[in-house]
Number of protein chains: 2
Amino acid sequence: MTTTSDPTAPGPEAPGTDAPGTDAPGTAAPAVAEGTRWLTAEQQRWWRAYLLGTAALQDALNRQLDADADISLSEYEILVRLSEAPRRTVRMSELAASVMHSRSRLTHTVSRMERRGLVERRACEDDGRGINCTLTPAGFDLLDRTAPGHVGAVRTHLVDLLSDEDFRVLGRVMERIAEGPRED
Amino acid sequence: MTTTSDPTAPGPEAPGTDAPGTDAPGTAAPAVAEGTRWLTAEQQRWWRAYLLGTAALQDALNRQLDADADISLSEYEILVRLSEAPRRTVRMSELAASVMHSRSRLTHTVSRMERRGLVERRACEDDGRGINCTLTPAGFDLLDRTAPGHVGAVRTHLVDLLSDEDFRVLGRVMERIAEGPRED
DNA sequence: ACTAGTTAGTTGACGCTTCAACTTCGGACA
DNA sequence: TGTCCGAAGTTGAAGCGTCAACTAACTAGT
């Protein structure tokens with residue numbers, strides 16, 4: 001497998017059995033707390049697949065968007081949320097919540113997007129603290145041009161790899177994860 | 001729903017029906033290419049859940065690890081990979097591949113970890129280009145101390161929210177996603 | 001009205017990631 | 001042997017995200 005360039009057989013000094021990750025440490029491990037509910041070998045496999053899968057998908061989508069429109073997936077998501085809102089306008093804090101960004105992060109991102117002319121900010125009428133973020137025509141055009149390529153990527157890297165049923169399960173599972181444990 | 005602070009009814013000028021994201025644009029949209037296979041409303045819902053779910057989980061795990069051990073999830077994964085290897089040693093490029101990081105990213109991360117005394121780098125015997133990365137005792141200790149808390153977080157934010165069957169499906173699905181479409 | 005507490009949003013510094021450029025080494029082939 | 005190409009790693013700059021600190025405005029209790 002090309003990996004075993006090390007000829008040292010797993011002899012006495014070779015560890016590897018008692019390494020904690022998310023699995024149980026080998027039999028009588030030292031400093032490890034005892035009450036821990038480690039993952040089974042199978043669960044560990046799924047967990048690792050999760051980490052690699054999400055990383056791969058994120059990567060693929062980001063690259064596609066960056067190449068096609070010089071925007072990131074997060075920026076794309078912001079454009080989408082705005083495009084769907086009543087006057088293509090959403091308050092900063094709502095926008096932040098809807099894409100799961102911190103307010104700080106959204107401020108930075110929106111500032112960059114504003115510099116590019118994709119969105120505009122304007123003070124809220126009814127709430128002196130609020131700021132409304134609006135999608136500009138240029139921003140909408142960009143989204144419009146970018147959407148087909150993006151959907152294509154989502155399909156090839158995700159949807160088309162799965163049966164309808166699997167995708168449905170994935171979706172429901174993700175909804176539960178997004179909600180999180182009882183009151184986050 | 002607290003969101004509709006805007007009293008303007010969806011009248012003539014109010015858009016929102018023809019906004020492309022991953023869904024189909026409303027009826028006769030303008031500039032949108034015609035051949036696009038948009039996502040159905042249901043698929044879109046799952047896709048959005050995916051984005052929010054993965055974001056939430058990443059966040060929760062990173063916070064837990066950062067609070068407990070001042071390391072990120074990526075750093076934790078590196079510690080795990082090393083701890084499992086024959087001499088707690090892995091070549092940089094293999095390590096990068098195993099956690100899906102670019103070589104550059106791994107170099108930077110490992111440099112930081114080396115400064116903290118968690119890992120060490122040493123030239124490869126057999127290949128003049130290669131660099132071996134080894135987990136130090138201090139690094140292993142950190143992993144050892146951190147693992148229980150981390151597994152706990154993985155359980156509360158993921159495993160315990162799902163039935164065994166759902167988790168299995170999630171895992172298999174993620175394996176397919178990680179592999180990606182025919183030859184990446 | 002006054003104060004305290006909360007919510008909305010921004011800012012700047014610092015840390016992590018990406019990207020392109022670079023160095024070094026190994027393998028193939030003449 | 002010399003040359004060429006690709007693989008392994010590193011580097012520094014620039015972009016993005018996080019964190020803590022800050023301003024400003026709403027809310028509430030007195």
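Each chain gets a letter, A, B and so on, in the order the sequences are listed, and its residues count up from 1.
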**Q** So which heavy atom on A:A138 is nearest to which on A:G117, and how close?
**A**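 What the structure gives for the nearest pair is CB-O, 3.7 Å.
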**Q** Please identify each residue that fulfils side-chain hydrogen bond (donor to acceptor under 3.5 Å, both in side chains) with A:D164, with sequence neighbours left out.
**A**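 In terms of side-chain hydrogen bond (donor to acceptor under 3.5 Å, both in side chains), with neighbours along the sequence ignored, A:D164 is linked to no residue.
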**Q** So which protein nitrogen or oxygen atoms get under 3.5 Å of nucleotides 22-27 of chain C's nitrogens or oxygens?
**A**
{"residue": "C:dG26", "atom": "OP1", "partner": "B:G128", "partner atom": "N", "Å": "2.9"}

**Q** Checking the side chain of B:R155 only, and the main-chain atoms of A:R37 only, is there a donor and an acceptor separated by less than 3.5 Å?
**A**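 Flag set: sc B:R155 to bb A:R37 pair under 3.5 Å.
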**Q** Given B:I177, which of A:L52, A:T54, A:L158 fulfils the side-chain contact (heavy atoms from CB on, under 4.5 Å) condition?
**A**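 Running side-chain contact (heavy atoms from CB on, under 4.5 Å) over A:L52, A:T54, A:L158 with B:I177 returns exactly one hit, A:L158.
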**Q** Restricting to side-chain hydrogen bond (donor to acceptor under 3.5 Å, both in side chains), what partner residues turn up for A:T134, sequence neighbours left out?
**A**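 Here the qualifying residues are A:T89.
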**Q** Round to the nearest Å and state the distance from B:M100 atom CE to C:dT18 atom C1'.
**A**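 In whole Å, C:dT18 C1' lies 17 Å from B:M100 CE.
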**Q** Using 0.5 Å steps for rounding, measure from the CE atom of B:M113 to the SG atom of B:C133.
**A**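 If we round to the nearest 0.5 Å, B:M113:CE and B:C133:SG are 7.5 Å apart.
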**Q** Over how many whole Å does the gap from B:H101 atom NE2 to C:dT18 atom C1' extend?
**A**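 Interatomic distance, NE2 of B:H101 to C1' of C:dT18: 13 Å.
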**Q** Can you measure A:M92 atom CE to C:dT11 atom C1' for me and round it to whole angstrom units?
**A**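 Those two atoms, CE and C1', are 13 Å apart.
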**Q** Please figure out whether B:S104 or A:N132 has its closest DNA chain C nucleotide nearer the 5' end.
**A**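 In this pair, the answer is A:N132.
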**Q** Answer yes or no: are there more than 12 heavy-atom neighbours, outside A:R116 itself, under 6.0 Å from its atom CZ?
**A**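 It does: A:R116 CZ has more than 12 such atoms within range.
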**Q** Say whether, by atom type as modelled, one donor and one acceptor occur between the side chain of B:T22 and the main chain of B:L39 under 3.5 angstrom.
**A**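 Side chain of B:T22 to backbone of B:L39, a donor-acceptor pair under 3.5 Å: no, none is there.
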**Q** With nearest nucleotide decided by heavy atoms, which residue, A:R105 or B:T107, maps closer to the 5′ end of DNA chain D?
**A**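 Its nearest nucleotide being more 5', the pick is B:T107.
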**Q** Under 4.0 Å between a side-chain N/O of A:S93 and OP1 or OP2 of C:dG9, yes or no?
**A**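 Result: yes.
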**Q** Identify whether any heavy atom of B:H108 sits under 4.0 Å from a base atom; if not, whether one sits that close to sugar-phosphate; answer base, sugar-phosphate or nothing.
**A**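 Here B:H108 touches the bases of the nucleic acid.
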**Q** If you compare every side-chain N and O of A:R63 against the phosphate oxygens of C:dT18 (OP1, OP2), does one of them come in below 4.0 Å?
**A**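 No.
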**Q** To the nearest Å, give me how far apart CZ (A:R91) and P (C:dT10) are.
**A**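 Nearest whole value for this atom pair: 11 Å.
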**Q** Is any side-chain nitrogen or oxygen of B:R112 closer than 4.0 Å to OP1 or OP2 of C:dG15?
**A**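 Looking at the OP1 and OP2 atoms of C:dG15, neither is under 4.0 Å from any side-chain N or O of B:R112.
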**Q** Please enumerate all residues that pass side-chain hydrogen bond (donor to acceptor under 3.5 Å, both in side chains) together with A:T146, with sequence neighbours excluded.
**A**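 Per chain and number, A:T146 pairs via side-chain hydrogen bond (donor to acceptor under 3.5 Å, both in side chains) with no residue.
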**Q** In whole Å, what is the span from the CG atom of A:N62 to the P atom of C:dT17?
**A**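 Distance check: A:N62 CG to C:dT17 P gives 14 Å.
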**Q** Nearest whole Å is fine: how far is C:dG15 C1' from B:D66 CG?
**A**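 Distance, rounded to whole Å: 11 Å.
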**Q** Under 4.0 Å from any heavy atom of chain B: name the first and the last nucleotide of DNA chain D that qualifies, 5' to 3'.
**A**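 So the outermost contacting nucleotides come out as D:dG6 to D:dC19.
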**Q** Using whole Å, what does the distance between atom P of nucleotide C:dC19 and atom CG of B:L106 come to?
**A**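 About 16 Å, once rounded to whole Å.
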**Q** List for me each residue that meets side-chain hydrogen bond (donor to acceptor under 3.5 Å, both in side chains) alongside B:E125, sequence neighbours excluded, and say none if there are none.
**A**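 Listed in chain order: nothing, the list is empty.
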**Q** Tell me: CG of A:D59 to C1' of C:dT17, nearest whole Å?
**A**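 So the CG-C1' distance, A:D59 to C:dT17, works out to 11 Å.
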**Q** Under 4.0 Å, counting only non-hydrogen atoms across every strand here, what does B:S111 touch: a base, just sugar-phosphate, or nothing?
**A**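 The residue B:S111 makes no contact with any strand.
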